[in-house]
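Working notes for the structure below.
Keep in mind it's a predicted model, so treat the numbers as computed, not measured. The residues of the chain are indexed from 1 along the displayed sequence. Just so you know, these numbers use all the heavy atoms, side chains as well, and skip hydrogens, waters and symmetry mates.
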Amino acid sequence: MNARRRTVLTAGAAGAAALVTGCGSSGDESGGGDGSGTPPASDTASPGTSPDASPGGEELAATSDIPVGGGTIFKERKVVVTQPEEGEFKAFSAVCTHAQCLVSTVSDGTINCPCHGSKFSITDAAVEAGPATRPLPAEQITVSGGAIRLG
């Protein structure tokens, strides 16, 4: 094999390996969590919330700003916060797992993507309607003193 062909093949193989690594799974086949293998801090079994933690990150909203049975999308932070039941807050990535569009609305118990119609549950971000096949990843929030903070 000549040197030029070997160089092209080697470069192509390295690029393909980088692409596979970048697009690969974090090892968390359930689609939730942050991929660290450490469960999120919580006083209940609700992923992504930590009601009794000390205030940490940027304040996203007051708890009263998130409607019960609905949610609010924070486009600039690419996060959606939901309140499936009174006093239960969840946070998920606002980036659709199908084509990486930003979700646009929260209604009728689902987080909705405008690009191809995917819908995700406000409770656990599970796919309610495709074409997405993976849930939205959970985001860590803290709820303290009526404030919802990212991180």
Between S121 and I111 the two heavy atoms that sit nearest each other are O-CD1, 4.0 Å
Could you state the interatomic distance from CZ (F92) to CD1 (I141), rounded to the nearest 0.5 Å? 8.5 Å
Search all heavy atoms of E88 against all heavy atoms of P84 and return the closest pair with its distance. O-CD, 3.1 Å
T97 and P137 have their tightest heavy-atom pair at CG2-CD, 4.1 Å
For residues F120 and V127, report the shortest heavy-atom separation together with the two atoms involved. CE2-CG2, 3.9 Å
Side chain to side chain contact (heavy atoms under 4.5 Å, CB included) with E139: of V81, V79, V80, L60, only one passes, and it is V79
Spatial distance of atom NZ (K90) from atom CD (E85) [nearest 0.5 Å]: 9.0 Å
Report the C-alpha separation of E58 and R77 in whole Å, then their side-chain angles, then the decisive distance to 0.1 Å, and conclude whether the salt bridge (Lys or Arg N to Asp or Glu O under 4.0 Å) test is met. CA-CA 10 Å; E58 171 190 353; R77 301 297 296 163; 3.0 Å; yes
What one should report as the nearest heavy-atom pair of E128 and T110 is CG-CG2, 3.9 Å
Separation between CD of Q83 and CG of D65, rounded to the nearest 0.5 Å: 10.5 Å
Pairwise distance OG1(T72) to CD1(I148) - rounded to 0.5 angstrom: 8.0 Å
Heavy-atom closest pair, residues V68 and E86: CG2-OE1, 3.3 Å
Got V95 and L102 here, is their nearest side-chain heavy-atom distance under 4.5 Å? yes
Under 4.5 Å between any side-chain heavy atoms of P135 and D124, yes or no? no
Could you grab the distance from atom CZ of R134 to atom OG of S118, nearest 0.5 Å is fine? 10.5 Å
Is it true that the SG atoms of C113 and C96 are less than 2.5 Å apart? no
